[in-house]
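Input: a single structure, listed below in structure tokens.
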Protein chains: 4
Amino acid sequence: MNDSGQSAGSSARSKRKDARRNQQALLDAAAEVFVSSGVDAPVRDIAARAGVGVGTIYRHFPTRADLVIAVYRHQVDACAEAGPALLASSPTPHAALVRWVDLFVDFLVTKHGLATAMQGDSTCFGPLHTYFLEQLLPVCTQLLEAAAASGEIRSDLDAYPFMRGIGNLCVGADSDPHYDARRLVALLVAGLRQPQ
Amino acid sequence: MNDSGQSAGSSARSKRKDARRNQQALLDAAAEVFVSSGVDAPVRDIAARAGVGVGTIYRHFPTRADLVIAVYRHQVDACAEAGPALLASSPTPHAALVRWVDLFVDFLVTKHGLATAMQGDSTCFGPLHTYFLEQLLPVCTQLLEAAAASGEIRSDLDAYPFMRGIGNLCVGADSDPHYDARRLVALLVAGLRQPQ
Amino acid sequence: MNDSGQSAGSSARSKRKDARRNQQALLDAAAEVFVSSGVDAPVRDIAARAGVGVGTIYRHFPTRADLVIAVYRHQVDACAEAGPALLASSPTPHAALVRWVDLFVDFLVTKHGLATAMQGDSTCFGPLHTYFLEQLLPVCTQLLEAAAASGEIRSDLDAYPFMRGIGNLCVGADSDPHYDARRLVALLVAGLRQPQ
Amino acid sequence: MNDSGQSAGSSARSKRKDARRNQQALLDAAAEVFVSSGVDAPVRDIAARAGVGVGTIYRHFPTRADLVIAVYRHQVDACAEAGPALLASSPTPHAALVRWVDLFVDFLVTKHGLATAMQGDSTCFGPLHTYFLEQLLPVCTQLLEAAAASGEIRSDLDAYPFMRGIGNLCVGADSDPHYDARRLVALLVAGLRQPQ
DNA sequence: GATGAATGAGGGTTCATTCAT
DNA sequence: GATGAATGAACCCTCATTCAT
């Protein structure tokens, strides 16, 4: 349309460029809307903010969860990568665990509604749930096992319930000033300590 | 109207009996539906299950929160009353606290979606939230203070965030067999222990 | 119930007394509610104000129109009776007509929503409409004919459209301070004057 | 998007054409339903008649008043434009006023329920009311002032109550064959004549 | 007779998702 | 590919009217 008289190839490329640009706009818009209205924000709001039609969202992200994943992929991945790094650089495995949990909680708390979306009962966030677990479960497991091996914490808690618990504790943390999720998560971690 | 005469009294009572029977049916139906579909279940579903019209629900329970309160009032009240009793009968305040938390968790976990409803962000459950807090906050506070006074736990956690945390940990506990809310709550309580 | 040990007759009479008392309370309550909320006020509001059940209203006044009629019967009748009296006491038939119209307008305007109820399209006010016409049409006709006979006004307007017109002009007169129904009715009557 | 190119332009236009076609269907359907059931007809009825979903109506006309305005905009505008034209082409301002009032009455009477909607008390028709007044008040004012300036009518009646009066006189005119709104409006206008 | 609980039709509104253009 | 119009199921809530007690 824009480049009249060009070859089909160029047309196709320009289309792709358009598509990619759109996808990026979508991610940016979604990130903003998620922050202001939570991850359950109406699809239309996101489309409007991105300046595209709702259909475009569905093309790029068939499921709402797909969109959420895409939006937070970088941060999830960073969180995943931080695990081994912290383990290597911290004085003890337990210290690494504490720091990593901090990262994870920051991530959940600062994203309005993400913690809720991570809850297991929501069927429409299945892929989101899955992705998070796939990325973070091994890391968390590694940290827990290391800390258990060093005798700092008990060894009878799996990473899955642990992460679920942290996720749950972060629910609603952004909307209630009287509720300090980090505090409670710290208590939970403290509860893991080996009863000397 | 309120005369002690038998006929009129019985007539009035019988009328009330009808209404009460209906109300009871409503409570039963709501309890069932809440379990199967959560406390956000459509009004009509509850009405249908109870075999009454929707208007009947609105008559008895103008607000959804009113209905939820009514459904769980006994249990909430029992939970509230258990606090002092446990304090009196347990070897230590900490033991009482642990047992009481158990009761509370049982209550939250066995009622599908109740924990979610207890979260602070839902505006339409204001009355419910309020009622729960009014009943249970003082009790929880008393238990925490007693345990703190006896030196068993730290004294810097208020009852409100504590209860919110417990409530959050119970979210989704009924739908995921891999998630053991009681375990995590136990860890949270363990985290309260005075770092000897 | 109250007079234990009385004869059936006395009981029956007391019932009637009760019924009459109820009916009066109903009329009073309805009058008040009509003023504050219009003649379309919910049935329950009236029952509540009267301190009776809704069923009682339906027993006494099967139709809302029946209730409205009953409430305003005195005033309608007074309006009807005023016609001949004014005709007899006024200097000219036209003067009598003007005064009578004043009465009628006062009646309609001071009763919130009555003018609306008098409109022909509302099917549920049929009996009301009918009663009003039955009582007032002959009177109005007489006044119009007298004024026409004396040459003061044209003779080609029937009482029915005339009254409908007046009724309509009074619609909404009580809720809009910028709208002066009496003014417009006066113009309408002025428009009747024989084009000398 | 707005480029003058043929293909894209036609594509954009064709999309709009579809929507416009639908919008037109909606306007037609609404017009019909308004005639048969009044402007208070259920949204669903209009949607059904137009063969569209209810959502489509809400998309095009967020408020019922918006729909009513759209349906009658042409006629209101025509009425507004007719004022100056009549003033220019009529022998006297009074004659122009009479003709214009005829147009206005025709408009109100032939649209079932429109007159009622024009009444001031209905809160949900605010925009409608506003639009009508904005369009027609200046015109009516001009006509009244011209006729007053020429000494044909009294000068102490504002356009607003005048129009309200006409509107009111037209209420129910379509459903009652015995009620001739035009007749009464003519009398009202006649009542304005300067008492020579 | 009186009561008021129950009914359920009726109307409004939102929003995820599809699909013609 | 992008668009956004259309769909319509799903909810909510009100209130006139009936009828068992």
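In what follows, every chain begins at residue 1, and chains take the letters A, B, ... in the order their sequences are listed.
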Using whole Å, report how far CZ of Arg21(C) lies from P of dG1(E).
16 Å
Please give, in whole Å, the distance from dG4(E) C1' to Ile46(C) CD1?
16 Å
Counterpart residues, side chain to side chain contact (heavy atoms under 4.5 Å, CB included), relative to Tyr58(A) (two or more places apart)
Val43(A)
Not counting sequence neighbours, which residues clear side chain to side chain contact (heavy atoms under 4.5 Å, CB included) with Thr130(A)? List them please.
Glu134(A)
For residues 32-56 of chain D, pull every pair meeting salt bridge (Lys or Arg N to Asp or Glu O under 4.0 Å), keeping only residues two or more places apart or in separate chains.
Glu32(D)-Arg49(D)
Any residue meeting side chain to side chain contact (heavy atoms under 4.5 Å, CB included) with Ala70(B), in chain and number order, not counting sequence neighbours
Leu27(B), Phe61(B)
Distance check: side-chain N/O of Asn22(C) vs OP1/OP2 of dG1(E), anything under 4.0 Å?
no
Atom-to-atom span, CG of Leu26(D) to C1' of dA6(F) - whole angstrom
11 Å
Among residues at least two apart in sequence or on other chains, which ones pass side-chain hydrogen bond (donor to acceptor under 3.5 Å, both in side chains) with Asp66(D)?
none
Near-strand residues of residues 50-74 of chain D, defined as heavy-atom separation under 4.0 angstrom from DNA chain E
Val54(D), Tyr58(D), Arg64(D)
note: Gln23(C), atom CD; dG1(E), atom P; distance rounded to Å ~ 11 Å
How many whole angstroms separate atom CG of Asp45(C) from atom P of dT17(F)?
15 Å
Might you work through the side-chain contact (heavy atoms from CB on, under 4.5 Å) test for Asp28(A) and Val71(A), ending with a clear yes or no?
CA-CA 8 Å; Asp28(A) 294 344; Val71(A) 167; over 6 Å; no
Quick one: Arg44(C) CZ to dT3(E) P, roughly how many Å, whole number?
14 Å
Just jot down the side chain to side chain contact (heavy atoms under 4.5 Å, CB included) partners of Ala50(C), sequence neighbours excluded, or say none.
Leu26(C), Ala29(C), Val52(C)
For a quick test of reading the model, state the closest non-hydrogen atom pair linking Ala41(C) to Ile46(C) and the distance between them.
O-CD1, 4.4 Å
Output all residues satisfying side-chain hydrogen bond (donor to acceptor under 3.5 Å, both in side chains) with Tyr131(A), sequence neighbours left out; order by chain, then residue number.
Arg73(A), Asp77(A)
5'-to-3' dot-bracket of DNA chain F (Watson-Crick, G-U; under 3.5 angstrom; crossing pairs as [ ]; | other strand)
.||||||||||||||||||||
Ala41(B) or Val43(C), whichever maps to the more 5' nucleotide of DNA chain F:
Ala41(B)
